[in-house]
Amino acid sequence: MLHVSPLCDKTQGAFEKLFTEYYRELDCGEDVPHLLDEYIIPDVKAGLIRIELLKDGETDAGFIIYQTDDIGNDWNLREGWGDVREIYVIPSLRRKGYGKFLLYTAEMRLREGGTDKAYCLPAEGCEQFFTACGYKRGNLYNEDLDCFVYEKTDLSNKCK
């Protein structure tokens, strides 16, 4: 049975393990403990970002990190828009709808908070996933990440 819950002290260890696996897969050479200790966890505790964890029974299956862009955030590309920052599902559970389930959960939470549009900066090869979920390639290009910004202007539309 699938269960999504916000990150809390009790689940922080599971998240940190998943996040480490995610960054290892990205192979970007970042100091993951430093990212977690100095940025990710403090930003969650400050309410700047939100993290939802996905469990399939007893298996930690993935996570999504998202926020509503606000002038108070260091990462504020589009004021008032939802920003899907990171999404990860463990390899053995991919292509089963878990990513869409996580994305839909984040979009629902963003709508509950008053946000009706969202964007993402998909990693290479992930554009099709976001397109299937109603995101469209916009005109804005992010040179730092070498990708176009994908936008969804109606968060009430679910993934296909």
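- What you find for L18 and G62 is that their closest heavy atoms are CD1-O, 3.8 Å.
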Check your understanding: Do F130 and I87 pass the side-chain contact (heavy atoms from CB on, under 4.5 Å) test, and can you show the C-alpha distance, the side-chain angles, and the key distance before you say yes or no?
Key -> CA-CA 11 Å; F130 285 101; I87 186 168; 4.1 Å; yes

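- If you take CE on M108 and OG on S156, they are separated by 13.5 Å, rounding to the nearest 0.5 Å.
- By the salt bridge (charged side-chain N to carboxylate O under 4.0 Å, His left out) test, R24 pairs with no residue at all, sequence neighbours left out.
- Contacts of Y119 classified as ring pair (Phe, Tyr, Trp, His ring centres under 6.0 Å), with partners at least two apart in sequence or in another chain: none.
- Partners of K96 under the salt bridge (charged side-chain N to carboxylate O under 4.0 Å, His left out) rule, at least two apart in sequence or in another chain, do not exist in this structure.
- In this view, Y23 and F19 satisfy the ring pair (Phe, Tyr, Trp, His ring centres under 6.0 Å) rule, not counting sequence neighbours.
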Practice item. Decide yes or no on side-chain contact (heavy atoms from CB on, under 4.5 Å) for D31 and L35, but give the supporting numbers first. Key: CA-CA 6 Å; D31 179 359; L35 283 174; 6.0 Å; no

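- For the salt bridge (charged side-chain N to carboxylate O under 4.0 Å, His left out) test, no residue two or more places apart in sequence or in another chain qualifies with D69.
- Under the side-chain hydrogen bond (donor to acceptor under 3.5 Å, both in side chains) criterion, E25 pairs with R94, not counting sequence neighbours.
- For the pair C147 and L121, the tightest heavy-atom approach, listed with the atom from each and the gap, is SG-CB, 3.7 Å.
- Rounding to the nearest 0.5 angstrom, the gap separating the NZ atom in K55 from the OH atom in Y98 is 12.5 Å.
- If you take CG on L7 and CD1 on I51, they are separated by 5.0 Å, rounding to the nearest 0.5 Å.
- Evaluation of the side-chain hydrogen bond (donor to acceptor under 3.5 Å, both in side chains) rule for Y135 yields E107 as partners, not counting sequence neighbours.
- Applying the salt bridge (Lys or Arg N to Asp or Glu O under 4.0 Å) test to pairs two or more places apart or on separate chains, those with a residue in residues 33-52 are E52-R109.
- By the salt bridge (charged side-chain N to carboxylate O under 4.0 Å, His left out) test, E86 is found to be paired with no residue, residues two or more places apart in sequence or in another chain being considered.
- How far CG of D60 is from CG of L54: 9.0 Å, rounded to the nearest 0.5 Å.
- Applying the salt bridge (Lys or Arg N to Asp or Glu O under 4.0 Å) test to residues at least two apart or on different chains, none of the pairs has a partner in residues 119-148.
- Listed for the K117 side chain is no donor-acceptor partner under 3.5 Å among the backbone atoms of E151.
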Practice item. For R78 and D83, run side-chain contact (heavy atoms from CB on, under 4.5 Å): C-alpha distance rounded to whole Å, both residues' side-chain angles, the deciding distance at 0.1 Å, then the answer. Key: CA-CA 8 Å; R78 305 191 112 173; D83 175 6; over 6 Å; no

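- Put simply, the side chain of T105 gets close to the backbone of F101: a donor and an acceptor are under 3.5 Å apart.
- Within the model, atoms CG of L110 and CD of Q67 stand 9.5 Å from one another, a figure rounded to the nearest 0.5 Å.
- Each salt bridge (Lys or Arg N to Asp or Glu O under 4.0 Å) pair with one or both residues in residues 12-22, not counting sequence neighbours, appears once here: K17-E21.
- When the shell of 6.0 Å around CD of Q128 is examined, it contains 12 or fewer heavy atoms from other residues, nucleotides or ligands.
- Once rounded to the nearest 0.5 Å, the distance linking CG of L48 with CD1 of I40 reads 11.0 Å.
- When the shell of 6.0 Å around OH of Y39 is examined, it contains 12 or fewer heavy atoms from other residues, nucleotides or ligands.
- Of all the heavy atoms in V84 and C120, the pair that sits closest is O-CB, 3.7 Å.
- When the side-chain hydrogen bond (donor to acceptor under 3.5 Å, both in side chains) test is applied to S92, no partner is found at least two apart in sequence or on another chain.
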